[in-house]
Amino acid sequence: MARLRKGDRVVVISGDDKGKQGKIVRVLPEREMVVIEGVNLVKKHLSATPQRPGGILEVEAPMYACKVMLLDPETGKRTRVRSQVKDGKKIRVAKSGAEIVGES
């Protein structure tokens, strides 16, 4: 079971964007990376085509999953996650005991 899923609220714990919070937009499990909304922005240069003008866009770049921690839905603080079996289904639980629900 994955620790991080699409739709989870996370906080960055190291790097240039330390302390920023956001929602996971995409998970790349094969590279152990996540893309977070509004975090780790890089400038992408696009050349002009007949369909669209060129220019410089700011896009979210992937970052390593080990650099982020989930936010506890009850306390709003960062937390570690454990898995637990409830009614025959595996769920993610924060340290406070709150169940973590994200988009699948």
Side-chain angles (χ1 to χ4, degrees):
M1 171 175 240
R3 177 175 72 98
L4 301 171
R5 290 190 187 162
K6 181 180 176 180
D8 287 344
R9 303 267 319 144
V10 294
V11 62
V12 180
I13 58 172
S14 69
D16 293 339
D17 294 318
K18 182 177 181 176
K20 289 187 180 177
Q21 297 181 7
K23 189 169 87 171
I24 295 180
V25 178
R26 200 169 73 208
V27 179
L28 307 166
E30 66 282 351
R31 292 171 55 194
E32 296 180 6
M33 295 182 122
V34 292
V35 177
I36 304 167
E37 191 174 63
V39 178
N40 200 24
L41 296 173
V42 296
K43 293 190 184 292
K44 184 172 182 168
H45 297 257
L46 291 177
S47 57
T49 65
Q51 289 83 22
R52 61 167 164 72
I56 301 172
L57 296 177
E58 278 200 337
V59 295
E60 294 129 355
M63 66 186 320
Y64 284 105
C66 63
K67 291 180 172 258
V68 300
M69 283 184 86
L70 275 168
L71 287 175
D72 192 323
E74 284 185 359
T75 63
K77 296 180 179 178
R78 63 188 198 179
T79 184
R80 291 184 185 166
V81 181
R82 63 185 163 91
S83 58
Q84 179 178 331
V85 178
K86 182 178 180 182
D87 298 330
K89 289 182 92 176
K90 224 174 178 185
I91 60 168
R92 296 175 302 156
V93 180
K95 274 196 162 186
S96 66
E99 186 176 331
I100 298 169
V101 181
E103 295 176 25
S104 291

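Position 1 is the first residue of the sequence, and the numbers go up from there.
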Joint hydrophobic cluster, V81 plus V11, side-chain heavy atoms closer than 4.5 Å: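 Unlinked, V81 and V11 end up in two clusters.
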Co-membership, hydrophobic cluster, residues V27 and M69, 4.5 Å side-chain: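 In one cluster: no.
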Of all pairs that satisfy side-chain hydrogen bond (donor to acceptor under 3.5 Å, both in side chains), the ones with a partner from residues 25-45, not counting sequence neighbours: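 Sorted pair list: K43-E58.
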Write down the atom of [X], the atom of [Y], and the distance for their closest heavy-atom approach.
| X | Y | result |
| --- | --- | --- |
| A98 | P73 | CB-CG, 3.9 Å |
| G7 | K23 | O-CG, 3.6 Å |
| I36 | M63 | CD1-SD, 3.7 Å |
| G38 | E60 | N-OE2, 3.0 Å |
| R52 | L46 | NH1-CB, 3.9 Å |
| L71 | G76 | CD2-O, 3.6 Å |

pair R92-R3: side-chain heavy atoms closer than 4.5 Å: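 SC-SC contact between R92 and R3 ruled out.
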Whichever hydrophobic residues join L41 through chains of side-chain contacts under 4.5 Å: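 Hydrophobic cluster check, L41: no partners found.
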Cluster companions of Y64 among Ile, Leu, Val, Met, Phe, Trp, Tyr (side-chain spacing under 4.5 Å):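 Same cluster as Y64: L28, M33.
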Donor-acceptor contact below 3.5 Å, side chain S83 vs main chain K90: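 No; zero donor-acceptor contacts below 3.5 Å.
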With K77 via side chain to side chain donor-acceptor pair (under 3.5 Å) - residues at least two apart: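 So K77 forms no side chain to side chain donor-acceptor pair (under 3.5 Å) with any residue.
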Name of the residue among I91, L4, D8 meeting side chain to side chain contact (heavy atoms under 4.5 Å, CB included) with I100: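 The single option meeting the side chain to side chain contact (heavy atoms under 4.5 Å, CB included) with I100 is D8.
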Any residue meeting salt bridge (charged side-chain N to carboxylate O under 4.0 Å, His left out) with D72, in chain and number order, not counting sequence neighbours: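 Per chain and number, D72 pairs via salt bridge (charged side-chain N to carboxylate O under 4.0 Å, His left out) with no residue.
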Residues in salt bridge (charged side-chain N to carboxylate O under 4.0 Å, His left out) contact with K86, at least two apart in sequence or another chain: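 With sequence neighbours excluded, K86 shows a salt bridge (charged side-chain N to carboxylate O under 4.0 Å, His left out) to E99, given in chain and number order.
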Rounded distance [0.5 Å steps], NZ in K67 versus CG in D17: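 Those atoms lie 9.5 Å apart.
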